[in-house]
Amino acid sequence: MNKTLKDILDILWYVVVFFLLQLVFGAILGAFKLSLGTSTIITTVLSSAVTIFVFLKLKWTPVSRSWMQTRPWMVFAWAFLLSLGSILPSERLVELLQMEMPEQVAKMFEEVMKKPLGYVVIGILAPFAEEVVFRGAILRKLLGMMEEKWHWVAIAISAAIFGFVHLNVPQGIHAFLIGLLLGWMYYRTRSILPGILFHWVNNSVAFIMFNIMPQMADGKLIDLFHGNSRMVTLSVIFSFFILIPSIYQLNVWMKRAK
């Protein structure tokens, strides 16, 4: 079989497996008539754990200690800040595009966010599983298929797939945008660890904000700032003062870690 065709089929198979595990566990738990939030949590815990095991065991996502041996502590520090700086600009863009999450999806997230175990799903397992699949397996395969000069095409395709699998436009846009940053970090380091950290911060902030600020139940920035649109604008501008230096510094430090 032509190698390019095989690589494309491999990528499609990775996506199918990712979805299939969720569907199988969701169908099994559906028979127990659990609440939407509880069912989602258990399904995600089981499917994420099995996903991570399968992708690592079958070496679809190779594991190596070589990058950590470079002691990339500054990469981790700036990846942390990059995640913080990316949250509000991305959220603001979705709002300006007047995109709203489907009611059923919003209800599911609200139920999950209210439960302590929901953090294990949103803050820990989801970032780990998604980085294993979308950067460690899919983007790795795409980068291997294309010449070095086309690496941004590979990153963009992986980000688009990452956005698509969220199955709703608001989340999909956000996932695509952060997928570009996550893909860039993976391309430069060939490690999923910076992406896991970035992803953990992004999801943890969402979980914390939901639970400590009830006025943000609908996820709108205007509610965070009590209806003050000027503060919304200033907060987004301030975020760029974190985002841009973080990209610059990562560009420097990831050269050393490559």
Side-chain angles (χ1 to χ4, degrees), residues 3 6-7 10-11 13-15 17-18 21 44-86 119-152 154-159 161-162 165 175 178-205 245-258:
K3 186 179 183 302
K6 181 182 181 302
D7 288 341
D10 284 344
I11 290 169
W13 178 238
Y14 298 154
V15 176
V17 171
F18 178 76
L21 288 171
T44 307
V45 167
L46 295 174
S47 64
S48 295
V50 175
T51 295
I52 293 167
F53 174 79
V54 168
F55 275 72
L56 298 186
K57 182 68 175 178
L58 297 179
K59 296 183 179 180
W60 293 344
T61 301
V63 177
S64 171
R65 298 179 182 178
S66 59
W67 184 70
M68 281 300 297
Q69 290 172 350
T70 66
R71 299 181 180 181
W73 315 129
M74 291 303 294
V75 173
F76 285 130
W78 286 107
F80 182 94
L81 291 172
L82 179 68
S83 185
L84 290 179
S86 69
Y119 178 71
V120 176
V121 171
I122 292 174
I124 301 173
L125 286 175
F128 198 156
E130 289 175 358
E131 290 313 302
V132 163
V133 175
F134 295 98
R135 258 59 63 179
I138 292 175
L139 179 55
R140 178 184 64 84
K141 188 69 72 171
L142 285 167
L143 288 169
M145 291 170 58
M146 300 180 184
E147 295 181 20
E148 177 71 16
K149 64 181 179 179
W150 298 109
H151 68 272
W152 273 112
I155 292 170
I157 293 172
S158 69
I161 296 172
F162 184 49
V165 300
I178 70 169
L180 295 175
L181 295 173
L182 292 165
W184 172 59
M185 289 191 291
Y186 178 81
Y187 162 72
R188 294 292 294 275
T189 64
R190 289 304 195 273
S191 171
I192 63 172
L193 295 180
I196 290 174
L197 174 64
F198 180 108
H199 214 145
W200 167 72
V201 173
N202 180 84
N203 291 16
S204 295
V205 168
S246 297
I247 292 174
Y248 174 79
Q249 290 293 337
L250 280 169
N251 190 52
V252 173
W253 286 98
M254 287 194 300
K255 280 184 180 179
R256 299 177 185 180
K258 187 174 179 181

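Below, all heavy atoms of this structure are taken into account, side chains as well, without hydrogens, waters or symmetry copies. None of these values were measured; they are calculated from a predicted model.
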_Can you tell me how the ring of Phe134 sits relative to the ring of Phe162, calling it parallel under 30°, perpendicular over 60° and tilted otherwise?_
tilted
*Is the backbone N or O of Trp60 less than 3.5 Å from a side-chain atom of Arg140, with the two atoms forming a donor-acceptor pair by type?*
yes
*Are the side chain of Arg190 and the backbone N or O of Tyr187 linked by a donor-acceptor pair below 3.5 Å?*
yes
*Which value, rounded to the nearest 0.5 Å, describes the distance between Met254 atom CE and Thr70 atom OG1?*
12.0 Å
Using a 3.5 Å cut-off and no angle test, enumerate the donor-acceptor pairs between side-chain atoms of residues 76-83 and protein atoms at least two apart in sequence or in another chain.
| from | atom 1 | to | atom 2 | distance (Å) |
| --- | --- | --- | --- | --- |
| Ser83 | OG | Phe198 | O | 2.8 |
| Ser83 | OG | Asn202 | N | 3.2 |

*Residues two or more places apart in sequence or in another chain: which of them pass side chain to side chain donor-acceptor pair (under 3.5 Å) with Glu130?*
His199
*Under the side chain to side chain donor-acceptor pair (under 3.5 Å) test, which residues partner Asp7, sequence neighbours left out?*
Lys3
Do [X] and [Y] have side chains that approach each other closer than 4.5 Å (heavy atoms only, starting at C-beta)?
{"X": "Trp67", "Y": "Pro72", "value": "yes"}
{"X": "Leu197", "Y": "Met185", "value": "no"}
{"X": "Met145", "Y": "Trp150", "value": "no"}
{"X": "Val133", "Y": "Ile138", "value": "yes"}

*Just do the ring pair (Phe, Tyr, Trp, His ring centres under 6.0 Å) check on Phe55 and Tyr14 with the steps written out, would you?*
CA-CA 9 Å; Phe55 275 72; Tyr14 298 154; 5.6 Å; yes
